[in-house]
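What you see is a predicted model, and the numbers here were worked out from it, not measured in a lab.
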2 protein chains.
Amino acid sequence: MVDLDNPAPTDDLHAEIEQFYFAYRGFTDRADRILDKRGLGRVHHRILYFIGRRPDVSVRGLLDLLAVSKQALNAPLRQLMEMGLVGAEAGAQDRRVKNLRLTSQGRKLEAELTEAQTRHLRAAFDRAGAEAQRGWSAVMGELVKG
Amino acid sequence: MVDLDNPAPTDDLHAEIEQFYFAYRGFTDRADRILDKRGLGRVHHRILYFIGRRPDVSVRGLLDLLAVSKQALNAPLRQLMEMGLVGAEAGAQDRRVKNLRLTSQGRKLEAELTEAQTRHLRAAFDRAGAEAQRGWSAVMGELVKG
DNA sequence: CTATTGTGTCAATATGGTTGACCTGGATAA
DNA sequence: TTATCCAGGTCAACCATATTGACACAATAG
């Protein structure tokens, strides 16, 4: 890790910007290290994650969530389907769309991947306290909206 | 933006993970868009940022902060020096080391770049309240430490 | 003198993304 | 029906960003 002065809220929010940067870097590194062992990248993780969170999401929906081109999505998604981690069936009303779901294998890997991040977050929440956790979520919610 | 359910703290912290992901993505996008107009990338921003925050940092120090290889740092750093945004002078005790500093032009660009992120953060803090801001910082501090 | 360290550079390579063009097949409006 | 649109898939060219390895040079430390 890196030496970081404690908050001491100043006007320019420089300290907070650094907190955000280093916190997110450490947060993603946890999963990345597990991913690397399996020859997978962040995209695979995000795909697994979002399909897990939004079962029956379409390819188009995934594209919007991930904010990448369909060409960038296609290869890793196909790979996950070939690995038997993601399944698809044609949509009921519109048979063009694919409804994507995790297989039981896929759910297992997704859980393992997310677990590292969950533990990391959980530990920070526990140390900072429930009130701080609520504040964190409130600010994050505003950032997402804004 | 993307539709996100409100916190409703569950056990698995999935909602919080998404908040983190989308919040950080939106956070960095602000600066990225400005950077793109000048043909610069995130690395340039980080270099400018950290030199601004830690004047007289060495190349080695920068490498540790950014966690990249020196080859990855070299090109953008040289570019910034050629653009007159970053200056260097030999260290006083050890003349091998470069003490990196922003020029007045560099400070101007850095401020402009960081301003977008600052405004974004500030707005979220204002909407969420001072107590939430303290909580956010406390959790982020724990994440950085952890 | 020798070894180590800070910096810079060349080369080869990997990864991950982009845009553009084109295709299939299913849905839908004229 | 025909024309058009849309979801999805794929090929190609390209570009940005990163890596590791090897090497060079200058300066400091022993």
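Looking at B:Gln19, its side chain does come within 3.5 Å of a backbone N or O of A:Ser137 through a donor-acceptor pair. Without hydrogens or angle criteria, B:Ser58 side chain to B:Asn99 main chain gives no donor-acceptor distance under 3.5 Å.
Of all heavy-atom pairs between B:Tyr21 and A:Leu66, the closest is OH-O, 4.1 Å.
With rounding to the nearest 0.5 angstrom, the CG atom of A:Asn74 is 9.5 Å from the OG atom of A:Ser69. Rounding to the nearest 0.5 Å places CD1 of A:Ile17 at 6.0 Å from CG of B:Leu121.
Distance, B:Arg60 CZ to C:dT5 C1': 10 Å, rounded to whole Å. Counting to the nearest Å, the P atom of C:dG6 and the CG atom of B:Leu73 are 14 Å from each other. Between A:Leu35 atom CG and C:dA14 atom P the separation is 20 Å, expressed in whole Å. Across the protein-nucleic acid pair, B:Arg42 atom CZ and C:dG16 atom P stand 15 Å apart, rounded to whole Å. Rounded to whole Å, atom C1' of C:dG16 lies 18 Å from atom NE2 of A:His45. Following rounding to the nearest Å, B:Leu77 (CG) and C:dT9 (P) show an atom-to-atom distance of 10 Å.
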Produce a footprint string for nucleotides 19-30 of chain C: one letter per nucleotide, 5' end first; B if the base is under 4.0 Å from any protein heavy atom, S if only the sugar-phosphate is, - if neither.
-> BBB---BBS---
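The outermost nucleotides of DNA chain D lying under 4.0 Å from heavy atoms of chain B, listed 5' to 3', are D:dT17 to D:dT28.
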Using the salt bridge (charged side-chain N to carboxylate O under 4.0 Å, His left out) rule, take A:Asp64 and A:Arg60 through it: C-alpha gap first, then chi angles, then the decisive distance, then the call.
-> CA-CA 6 Å; A:Asp64 291 340; A:Arg60 194 95 241 348; 2.9 Å; yes
For the pair B:Glu110 and B:Arg107, evaluate salt bridge (charged side-chain N to carboxylate O under 4.0 Å, His left out) and give the outcome as yes or no after the intermediate values.
-> CA-CA 5 Å; B:Glu110 192 279 328; B:Arg107 266 190 299 278; over 6 Å; no
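Aromatic pair A:Phe50/B:Phe22: ring centres closer than 6.0 Å.
Looking at which nucleotide of DNA chain C each of A:Val68 and B:Val59 is closest to, the 5′-most match is held by B:Val59.
Contact annotation for B:Gly41: backbone-only contact, meaning every heavy-atom pair under 4.0 Å involves sugar-phosphate atoms and none involves a base. Residue B:Arg78 is classed as a sugar-phosphate contact, given heavy-atom separations below 4.0 Å to backbone atoms only.
Remark: A:Arg119 engages A:Glu115 in a side-chain contact (heavy atoms from CB on, under 4.5 Å) (not counting sequence neighbours).
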